[in-house]
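The structure appears below as structure tokens.
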Amino acid sequence: MNASFPTPGADASQRLLSPEELEAALRDIGARRYHNLHPFHRLLHDGKLGKDQVRAWALNRYYYQAMIPVKDAALLARLPDAALRRIWRQRIVDHDGDHEGDGGIERWLKLAEGVGFARDYVLSTQGILSATRFSVDAYVHFVSQKSLLEAIASSLTEMFSPTIISERVAGMLKNYDFITKETLAYFDKRLTQAPRDADFALDYVKRHATTPDLQRAAMDALTFKCTVLWTQLDALYFAYVAPGMVPPDAWEPGEGLVAEAPARGPAGAPAGTLVASDVPRLPRGVRMRFDQARDKHVLLAPERTFDLDDNAVAVLSLVDGNRSVAQIAQALAETYAADATVIEADILVMLTDLAQKRVLER
Ligand SMILES: O=C(O)c1cc(C(=O)O)c2c(n1)C(=O)C(=O)c1cc(C(=O)O)[nH]c1-2
């Protein structure tokens with residue numbers, strides 16, 4: 001790859017760059033290393049991921065969001081003057097909000113809930129990949145240990161984020177039917193916050209990186225931060241795309257989700273509830289059989305067997321894919337000289353139970 005301002009290697013001597021050249025060199029690092037280039041993001045934005053893979057992204061990224069204000073508080077604590085602190089503290093307000101229910105972390109929780117997660121599960125950070133935790137924690141550590149210039153320079157990835165955010169929001173809205181504008185509301189505010197923050201940080205770095213060594217340190221800090229973002233996506237790709245090796249204790253599809261509200265059937269009954277006009281039948285692979293050894297009828301399904309009492313046998317003998325529940329009840333009423341309405345109510349309960357066990361369909 002040809003870079004106009006390749007980051008000098010540790011052993012290469014570097015002349016003092018003008019502020020404009022330094023900016024160009026920093027932008028060049030982003031052009032080659034920012035996480036918009038990562039295959040996981042390409043899949044995410046192009047609609048190539050399944051719902052569970054999008055969930056894995058939302059869950060893991062929550063940890064990044066939750067730790068950003070911790071990182072900014074560490075940086076704030078090191079700022080020597082009030083004017084700088086006033087500016088930097090806005091970042092904490094942006095993420096934590098001014099009151100309960102406000103702020104970027106809250107909006108990310110809404111995003112995670114929007115793709116199906118239970119809020120408490122996300123807050124627990126229980127299913128997050130260890131690699132996500134390591135790289136995010138490394139960022140917090142870097143900012144608290146390195147020079148102020150390096151700490152501020154490491155936030156400069158935000159110079160590149162508005163482009164990826166626009167691309168992500170447009171791509172996800174277009175490509176996933178389970179994603180809504182409300183779910184992605186987190187990103188609306190970032191489109192103004194990120195350029196404001198990046199402008200300030202870039203100006204600071206251009207004014208304070210006044211020697212070749214300081215300029216190199218600023219570039220290295222940005223490179224490091226690109227790595228922090230990149231490795232989070234590597235981990236997601238490895239666990240949830242290919243080879244699909246989910247480490248012990250990390251989120252497995254299905255965990256931590258809010259039970260989906262059952263779809264409603266006719267007249268507001270939960271889906272799966274049969275009504276009198278339904279025509280029940282046994283699904284492929286399910287059949288009633290007399291078990292000689294046990295001297296009783298059973299319903300045989302792949303890997304499962306259900307014992308049947310006499311009533312169930314009488315009903316299932318009439319389940320043929322032609323008769324409706326009402327007709328079955330009528331036939332039984334005639335055979336047993338009983339009230340068809342009472343029988344119908346009873347067999348609806350029984351057939352619904354079998355349908356929910358997936359050994360009956362309509
Ligand atoms: O969606 C993104 O791709 C993206 C990237 C980055 C970034 O480049 O670090 C941040 C964010 N989002 C973001 O939402 C955010 O709050 C944020 C804070 C910081 C930082 O380093 O202080 N980066 C980012």
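In each ligand, atom 1 is the first atom listed, and ligand 1 is the first ligand listed.
Taking the six-membered ring wherever Trp is involved, the centroid distance between the rings of F187 and W108 falls below 6.0 Å.
Residues F178 and Y186 are members of one and the same hydrophobic cluster, defined by side-chain heavy-atom contacts under 4.5 angstrom among Ile, Leu, Val, Met, Phe, Trp and Tyr.
Within 4.0 Å of ligand 1, heavy atoms belong to protein residues Y34, H35, R61, Y64, Q65, I68, K71, R91, H95, Y139, S155, T157, E158, S161, I164, I165, R168, Y186, F187, R190, K225, L229.
With sequence neighbours excluded, no residue forms a ring pair (Phe, Tyr, Trp, His ring centres under 6.0 Å) with F200. Shown here are the side-chain contact (heavy atoms from CB on, under 4.5 Å) partners of A153, two or more places apart in sequence or in another chain: L156, V205, A218, A221.
The hydrophobic cluster around F238 extends to M245, counting ILVMFWY residues whose side-chain heavy atoms fall within less than 4.5 Å of a member.
When the shell of 6.0 Å around NZ of K51 is examined, it contains more than 12 heavy atoms from other residues, nucleotides or ligands.
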